[in-house]
Amino acid sequence: MGLRADMPLLARHEGEWEGEYRHVDREGNLLDRHRVRMTCRVVDDAAYHQINRYTWDDGRTETHEFPGTYLGGGRCGFDTERLKGEFRELDDTTMYLTWEYKGRPLRLYEMIVLSADGATRSRVWQWLEDGVCVRRTLIDERRVG
């Protein structure tokens with residue numbers, strides 16, 4: 001079997017997404033807010049590739065690519081110069097990711113929930129340092145292509 005068959009929810013995420021990231025501290029105070037345009041695709045039914053394009057109100061931009069490798073058993077992994085992690089489907093609407101920033105004592109846990117119609121998704125990251133949540137990221141996105 002291939003990636004699409006083993007991870008049908010991931011395949012449903014293929015396309016273009018736009019949304020907003022809101023980073024908050026432990027008390028819920030806003031630390032940062034920026035827009036995102038994201039491209040998600042399955043490549044040759046054997047790999048996943050994601051491109052994130054971030055834009056801030058002050059004109060700053062960043063682009064990051066996340067090539068994922070299908071590990072089998074319904075799991076994908078990624079290993080870039082900044083991040084290393086893994087993701088899997090929990091059920092027919094929810095994905096779960098764990099990753100770490102290389103060279104930093106942070107571990108991140110993300111949950112992504114896709115709406116039944118596939119038009120929107122919500123994402124939550126928890127940033128843990130030495131087992132303590134130090135930050136959260138809240139992301140709301142809509143499919144644009």
Side-chain angles (χ1 to χ4, degrees), residues 1-114 120-145:
M1 298 200 96
L3 179 57
R4 287 180 196 280
D6 287 352
M7 298 185 76
L9 177 59
L10 178 64
R12 289 184 55 216
H13 283 264
E14 281 191 284
E16 295 287 324
W17 297 86
E18 286 186 352
E20 181 179 64
Y21 280 52
R22 293 181 317 269
H23 299 278
V24 298
D25 65 16
R26 286 178 55 134
E27 290 75 37
N29 300 304
L30 187 65
L31 300 171
D32 184 33
R33 171 181 269 158
H34 57 277
R35 292 175 307 282
V36 65
R37 176 144 184 144
M38 184 179 298
T39 304
C40 303
R41 61 189 180 101
V42 174
V43 181
D44 297 329
D45 202 24
Y48 176 76
H49 192 261
Q50 180 174 306
I51 303 171
N52 295 10
R53 298 166 195 88
Y54 304 113
T55 305
W56 284 261
D57 288 341
D58 65 7
R60 285 180 296 138
T61 63
E62 288 183 16
T63 299
H64 298 284
E65 294 194 35
F66 301 95
T69 303
Y70 184 51
L71 303 173
R75 299 177 305 119
C76 281
F78 55 94
D79 190 354
T80 71
E81 63 187 38
R82 295 180 333 128
L83 305 171
K84 182 177 183 174
E86 188 174 300
F87 57 98
R88 69 188 69 220
E89 297 177 2
L90 295 181
D91 57 34
D92 62 346
T93 63
T94 310
M95 297 191 63
Y96 175 69
L97 292 78
T98 60
W99 77 91
E100 59 190 43
Y101 276 91
K102 293 179 177 177
R104 294 176 66 185
L106 289 170
R107 185 91 179 141
L108 284 90
Y109 300 86
E110 178 177 6
M111 183 175 71
I112 305 172
V113 179
L114 183 66
T120 63
R121 62 185 184 182
S122 61
R123 302 166 50 204
V124 177
W125 302 356
Q126 293 202 98
W127 303 59
L128 277 76
E129 188 170 351
D130 296 323
V132 175
C133 185
V134 296
R135 180 177 184 165
R136 289 182 175 87
T137 301
L138 310 171
I139 308 161
D140 295 301
E141 296 168 313
R142 70 187 187 291
R143 186 184 299 275
V144 294

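Computed over heavy atoms, backbone and side chain alike; hydrogens, waters and symmetry mates excluded. Everything numeric here is computed off the predicted structure, so don't read it as measured data.
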Exercise. Would you please test Asp79 and Lys102 for salt bridge (Lys or Arg N to Asp or Glu O under 4.0 Å) and show each step?
Key: CA-CA 10 Å; Asp79 190 354; Lys102 293 179 177 177; 2.4 Å; yes
Exercise. Step by step, work out the salt bridge (Lys or Arg N to Asp or Glu O under 4.0 Å) result for Arg107 and Glu100.
Key: CA-CA 5 Å; Arg107 185 91 179 141; Glu100 59 190 43; 3.3 Å; yes
May I ask you to test the [X]-[Y] pair for a side-chain heavy-atom distance under 4.5 Å?
X: Glu110; Y: Leu108; answer: no
X: Pro8; Y: Asp92; answer: no
X: Tyr109; Y: Leu97; answer: no
X: Leu138; Y: Trp125; answer: no
X: Asp25; Y: Arg135; answer: no
X: Asn52; Y: Glu65; answer: no
X: Leu10; Y: Leu3; answer: yes
X: Leu114; Y: Thr120; answer: no

Exercise. Report the C-alpha distance between Asp6 and Arg75 in whole Å, list the side-chain angles of each, state the deciding distance to 0.1 Å, and finish with yes or no for side-chain contact (heavy atoms from CB on, under 4.5 Å).
Key: CA-CA 9 Å; Asp6 287 352; Arg75 299 177 305 119; over 6 Å; no
Minimum heavy-atom distance between [X] and [Y], given as atom pair plus value:
X: Ala47; Y: Gly68; answer: CB-O, 3.4 Å
X: Gln126; Y: Cys133; answer: OE1-SG, 3.8 Å
X: Gly15; Y: Arg143; answer: CA-NH1, 4.1 Å
X: Met38; Y: Tyr21; answer: CE-OH, 3.7 Å
X: Met7; Y: Cys76; answer: SD-SG, 3.8 Å
X: Arg33; Y: Trp56; answer: O-CD1, 3.5 Å

Practice problem: Check the side chains of Arg121 and His13 for a donor-acceptor pair under 3.5 angstrom, ignoring hydrogens and angles. | Solution: yes
Exercise. Tell me yes or no: between the side chains of Asp45 and Tyr70, is some donor less than 3.5 Å from an acceptor?
Key: no
Self-check item: Centroid separation Trp127 to Tyr101 less than 6.0 Å
Solution: yes
Quiz item: Do Tyr48 and Phe78 have their ring centres less than 6.0 Å from each other?
Solution: no
Exercise. Determine, for Trp17 and Arg142, whether the Lys NZ or Arg CZ falls below 6.0 Å from the six-membered ring centre while staying within 45 degrees of the axis.
Key: no
Practice problem: Anything under 30° is parallel, anything over 60° is perpendicular, the rest tilted; go ahead and classify His34 against Tyr54. | Solution: perpendicular
Exercise. Mark yes when over 12 heavy atoms from residues, nucleotides or ligands other than Asp57 sit less than 6.0 Å from its CG; otherwise mark no.
Key: no
Exercise. Assess whether atom CG of Asp91 is packed by more than 12 heavy atoms of other residues, nucleotides or ligands within 6.0 Å.
Key: yes
Measure the [atom1]-[atom2] distance between [X] and [Y] for me, rounded to the nearest 0.5 Å.
X: Leu106; Y: Asp130; atom1: CG; atom2: CG; result: 9.0 Å
X: His23; Y: Leu31; atom1: NE2; atom2: CG; result: 8.5 Å
X: Ile51; Y: His64; atom1: CD1; atom2: NE2; result: 12.5 Å

Does this structure show an ion pair linking [X] with [Y], if we count only N-O contacts that are shorter than 4.0 Å?
X: Glu20; Y: Arg22; value: yes
X: Arg4; Y: Glu14; value: yes
X: Arg35; Y: Glu18; value: no

Quiz item: Step by step, would you call Arg123 with Thr137 a side chain to side chain donor-acceptor pair (under 3.5 Å)?
Solution: CA-CA 8 Å; Arg123 302 166 50 204; Thr137 301; over 6 Å; no
Quiz item: Which of these passes salt bridge (charged side-chain N to carboxylate O under 4.0 Å, His left out) with Arg37: Glu62, Glu141, Glu16?
Solution: Glu16
